[in-house]
There are 2 protein chains.
Amino acid sequence: MLAAAANPAILARQPIPVRGELPDSPLAMMGAPMRFARNAEVYGEDEPADYLYQVMSGAVRTYRMLDDGRRQVVAFYLPGDIFGVEAGDVHLASAEAISESQVLVVKRSAVMARAEHERDLSKELWTLTVRELQRVQQHSLVLIKNAEERVAGFLLEMAGRGTASAAVELPMSRQDIADYLGLTIETVSRTFTQFVQSGLIALETSRRIQFRNRAALNRLNA
Amino acid sequence: MLAAAANPAILARQPIPVRGELPDSPLAMMGAPMRFARNAEVYGEDEPADYLYQVMSGAVRTYRMLDDGRRQVVAFYLPGDIFGVEAGDVHLASAEAISESQVLVVKRSAVMARAEHERDLSKELWTLTVRELQRVQQHSLVLIKNAEERVAGFLLEMAGRGTASAAVELPMSRQDIADYLGLTIETVSRTFTQFVQSGLIALETSRRIQFRNRAALNRLNA
DNA sequence: CGCTGAATTGACGGACATCAAGATGTGTGG
DNA sequence: CCACACATCTTGATGTCCGTCAATTCAGCG
């Protein structure tokens, strides 16, 4: 149904620790920033979930594979976003850098230990999990819509993050978007051109989308 | 796309407190059992989430509506299952009794207060949320599969709960199943008969399914 | 028994996947 | 700086799965 991305291992370099600005967050100062190359794996499905992560720059995708090769992208994480918080002791999804990225890596046990007596941090973690739950629930609502609605919703979702301007920069490929929306790359592409032709958006480059008629997009996002 | 269920208000009686056996759980003895008629609402989307619930008998569905009338069933809850735990202050989904049901209702504040100093209960709540997150994530994987795979997965999922015998009793209608799987009632029905014809299952009644070839179903559940 | 909602079955069409070819963009080495 | 290679994206032609519309059967219940 959906084509899997080609094995990215060739492109992936090993992550190496870097020093940079620390984001303002409950996790700051508790961990080490690491650098990940495009398509480098941050962690794999079923690996022990010993760390929490926060995107400092770049972008990260999490995904799960169906054994016939289909891929479901679970989420995209942008600068500031925390990921890897999942429930049990192991990760439910794999995580990869979409582009060259800096990620703050924090020992889970350290966070949990501090959360024991710091009510704020504890609450923050809870909120995080809850928000993630909401996000995934929202996502499963998306998957019963038609292609037009899914793509419109996706664009608005991406626009809602980052600086809300008249344009969005998409860090991910059409294949990533397709696997996120449960469509094929061709359908995503066709829907984009259809939006362009109806004057809803304009493509500065294939990765940079200008909004021309946000109201119409919102209407599709039913 | 998907037909919404007819307004069930006519069938729904007001819940009335009942006395019965309390289930063995961290919530037992903290709340009052209530009785809900078939299709009666337990709570509505966007209502304050002041209570937690545990199914004692019967079955409950949670769902969300798209404004064009399509319905997405989020989850089915069977005896023993706890529901209504969602994140914020309001419910993200509505909950209805599928059949005549007894539900244990517990004040959320009471549970939370007790969780403050009872580490076990606190941990239990966390685990519950995490498991819910896993379930929803699993569910969004389901929605990218084809009809055959979705129905096979559903049957195995239902079989995995309750007593694992050679047959499952489905408390919910075809419409519920369809809205859970993101299919139409007709497609669900056709897939059932297709499974019957290929000898994977047998229908004792339309709601009672016997497994005839579990291996083949597992294969479909890729 | 007849009424009513639930489930099944059939005929048909449409939205999206698949297969295939081209166009565009990007990094690399000469 | 150009040219080649390769990945990404777009566009077209065709097929198919599943949704829609409609009729029939089945099960439960007064």
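What's counted below: heavy atoms across the whole structure, side chains too, no hydrogens, waters or symmetry copies. In what follows, chains carry the letters A, B, and so on, assigned in the order in which the sequence lines appear, proteins first and then strands, with residues in each chain numbered from 1.
- When rounded to the nearest whole Å, the span between CD of A:Glu204 and C1' of C:dT24 equals 17 Å.
- The separation between A:Asp179 atom CG and D:dT8 atom P is 13 Å, rounded to whole Å.
- A donor-acceptor contact under 3.5 angstrom links the side chains of A:Gln210 and A:Arg212, judged on distance only.
- Residues A:Asp67 and B:Arg219 are not paired through a salt bridge, judged by the lack of any N-O separation under 4.0 Å between the basic side chain and the carboxylate.
- Atom CD1 of A:Ile201 is separated from atom C1' of D:dC9 by 14 Å (rounded to the nearest Å).
- Ring planes of B:Phe76 and B:Phe154: perpendicular class, angle over 60° (limits at 30 and 60°).
- Atom CZ in A:Arg70 sits about 12 Å away from atom P in C:dA17, given to the nearest Å.
- For A:Arg61 and A:Asp179, the salt-bridge test fails: no basic side-chain N is under 4.0 Å from an acidic carboxylate O.
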Pick out the pairs of N or O atoms, protein on one side and nucleotides 5-11 of chain C on the other, that lie under 3.5 Å.
residue, atom, partner, partner atom, Å
C:dA7, OP1, B:Arg207, NE, 2.7
C:dA7, OP1, B:Arg207, NH2, 3.2
C:dA7, OP2, B:Arg174, N, 3.0
C:dT8, OP1, B:Arg174, NH2, 3.0
C:dT8, OP2, B:Arg174, NE, 2.7
C:dT8, OP2, B:Ser189, OG, 2.7
C:dT8, O5', B:Ser189, OG, 2.9
C:dT9, OP2, B:Thr193, OG1, 3.4
C:dG10, N7, B:Arg190, NH1, 2.7
C:dG10, O6, B:Arg190, NH2, 3.3

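- Across the protein-nucleic acid pair, A:Leu170 atom CG and D:dC9 atom C1' stand 13 Å apart, rounded to whole Å.
- Protein atom CG of B:Leu181 is 12 Å distant from nucleotide atom P of D:dC18, rounded to whole Å.
- Taking atom CD of residue B:Glu148 and atom C1' of nucleotide D:dT16, one finds them 14 Å apart after rounding to whole Å.
- With rounding to whole Å, A:Asn146 atom CG is found 17 Å from D:dC18 atom P.
- Listed for the B:His139 side chain is a donor-acceptor partner under 3.5 Å among the backbone atoms of B:Tyr180.
- In this structure, A:Tyr53 and A:Phe83 have parallel ring planes: the angle between them is below the 30° cut-off, well short of the 60° mark.
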